[in-house]
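In what follows, every chain begins at residue 1, and chains take the letters A, B, ... in the order their sequences are listed.
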2 protein chains.
Amino acid sequence: MSRNTKQKTIVLEALHKLNHPTALEVYEYSKQVCPQISLGTVYRILGNFALDEKILHIKIANNPDHYDYQTHGHYHFSCKKCLNVYDIDIPYMENLNKPHKECFIEDHSILFNGLCADCYQKEGK
Amino acid sequence: MSRNTKQKTIVLEALHKLNHPTALEVYEYSKQVCPQISLGTVYRILGNFALDEKILHIKIANNPDHYDYQTHGHYHFSCKKCLNVYDIDIPYMENLNKPHKECFIEDHSILFNGLCADCYQKEGK
DNA sequence: ACCTTATTGATAATAATTACTAATAAGAAT
DNA sequence: ATTCTTATTAGTAATTATTATCAATAAGGT
C-alpha cells in the first residue's frame, strides 16, 4: 500500500502554494524544506499523483509540463511571453464530450494563448 | 529570400499524405524519396513552416509533437492508445477568443482525448 | 558559367523526462 | 519498542525529443 512521505507532502504543498508550477519549480520549492530531495523524486511523485488523478498534468507547446492540484473540469491560459499558466474562468463545456463519429471522447482540454496582463503591459503595445 | 528545395517539397508532401504526422514520421516518409535527408533538416523545415504559419504545430501530452498542413481554426482528437491525431469536426468557436479579464487571448486550441474507433474495438470493451 | 548566400547533412549539444539500483524509512507485525 | 517487509527515495545513468553548430552544397539571381 501507498506510504506517506515528507516528499509527497511537500510536493503537494508546492502545488498549492505555486501557480501551476513546472516540475522544476516544484523541485526548487521542495528543496527549501527538504534539501536532499531529488528532481527524479519530484517527477515520480508528480507522475504517480497524475496517474491516480489526484493532480492534473498540463502539457503546452514550447513550454515544459505544468501541474495543477485542481482536477475538476476547467481551462487554462498560457502566456506566450512569460510561459506562466493561469486558470481561466470559462465554464466547462460538458456537452463537448458527447460521443462523436468514430471517436470515443472521454475528455477535452482547452488551452488559451496570448499575453497575460503583465507581459502585455511590458510589451508596450 | 527563401529558396525552393526538394527537401521542403517532400516535407510538405509528407504532411499532405500522412495524417498529422510526427517529425519522425515525416522523416521516415521523406527518406524514401530523398534518402540523404537528415532528421535535423526535417525539424528545421517543420519549425520554419510553423513560424511562417504555413503549417500547424500540435503539442500533446505523452505524445511527440505532430504537424498539420491545415492552419485554419479546427480542433483535434488524440487517441490515448495509438497516439494518432485526427481532425474533429466541431466548428471553431471564434467567440471564445474575446478579451478575458486579465488575459489578452489571441487564440485557443481544443484537444479531445479518448480512444479512436480502431483502438476502442481492440480494447474489447 | 559565376557568385552569393540560403539551405543542407552530419554531428554535437541541450532540455525534459524516465529508468535503474542500492540505500533508506514507512508502518504493519511481532 | 523492535523487527521485518517492501514502498520509496537519492543519485546517477540513459533515453527521448528537439535545437544548435558549421563546413559543404546548391538555389537561383546576375
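- Here the side chain of Glu28(A) pairs no donor or acceptor atom with the backbone of Glu25(A) at under 3.5 angstrom.
- Ring planes of His74(B) and His20(B): tilted class, angle from 30 to 60°.
- At whole-Å resolution of the value, NZ in Lys6(A) and C1' in dT24(C) are 10 Å apart.
- Looking at heavy-atom distances under 4.0 Å, Thr22(A) makes no contact with the nucleic acid at all.
- The interatomic distance linking Ile58(A) (CD1) with dA16(C) (P) rounds to 17 Å, in whole Å.
- Within 4.0 Å of Ile45(A), counting heavy atoms only, lie sugar-phosphate atoms of the nucleic acid but no base atom.
- You'll find that the side chain of Gln7(B) is closest to dG9(C), out of dT8(D), dG9(C), dT18(D).
- For the pair Tyr27(A) OH and dA15(C) C1', the computed distance is 15 Å after rounding to whole Å.
- More than 12 heavy atoms of other residues, nucleotides or ligands sit less than 6.0 Å from atom CD of Gln36(A).
- Taking atom NZ of Lys31(B) as the reference point, atom P of dG9(C) lies 12 Å away to the nearest angstrom.
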Can you name the atoms? Protein N/O to nucleotides 11-16 of chain D N/O, anything below 3.5 Å, with the distance.
{"residue": "dG11(D)", "atom": "OP2", "partner": "Gln36(A)", "partner atom": "O", "Å": "3.4"}

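- Between His108(A) and Asn113(B) the shortest heavy-atom distance is CA-ND2, 4.4 Å.
- Checking the phosphate oxygens (OP1, OP2) of dA7(D), no side-chain nitrogen or oxygen of Thr5(A) falls inside 4.0 Å.
- The two residues Lys8(A) and Arg3(A) come nearest to each other via the heavy atoms NZ-O, 2.7 Å.
- Per the geometry, CG belonging to Leu83(A) stands 14 Å off C1' belonging to dA15(C), to the nearest Å.
- At least one donor-acceptor pair closer than 3.5 Å links the side chain of Asn19(B) to the backbone N or O of Val85(B).
- Taking atom CG of Asn4(A) as the reference point, atom C1' of dG27(C) lies 10 Å away to the nearest angstrom.
- One interatomic measurement links the two molecules: CG of Leu12(B) to C1' of dT7(C), which rounds to 16 Å at whole-angstrom precision.
- Side chains of Tyr43(B) and Asn48(B): no donor on one and acceptor on the other come within 3.5 Å.
- Using a 4.0 Å cut-off, some side-chain N or O of Tyr43(B) falls inside it from OP1 or OP2 of dT18(D).
- In this structure, Leu39(B) atom CG and dA13(C) atom P are separated by 18 Å, rounded to whole Å.
- When each of Arg3(B) and Ala23(B) is assigned the nucleotide of DNA chain D bearing its nearest heavy atom, the one mapping closer to the 5' terminus is Ala23(B).
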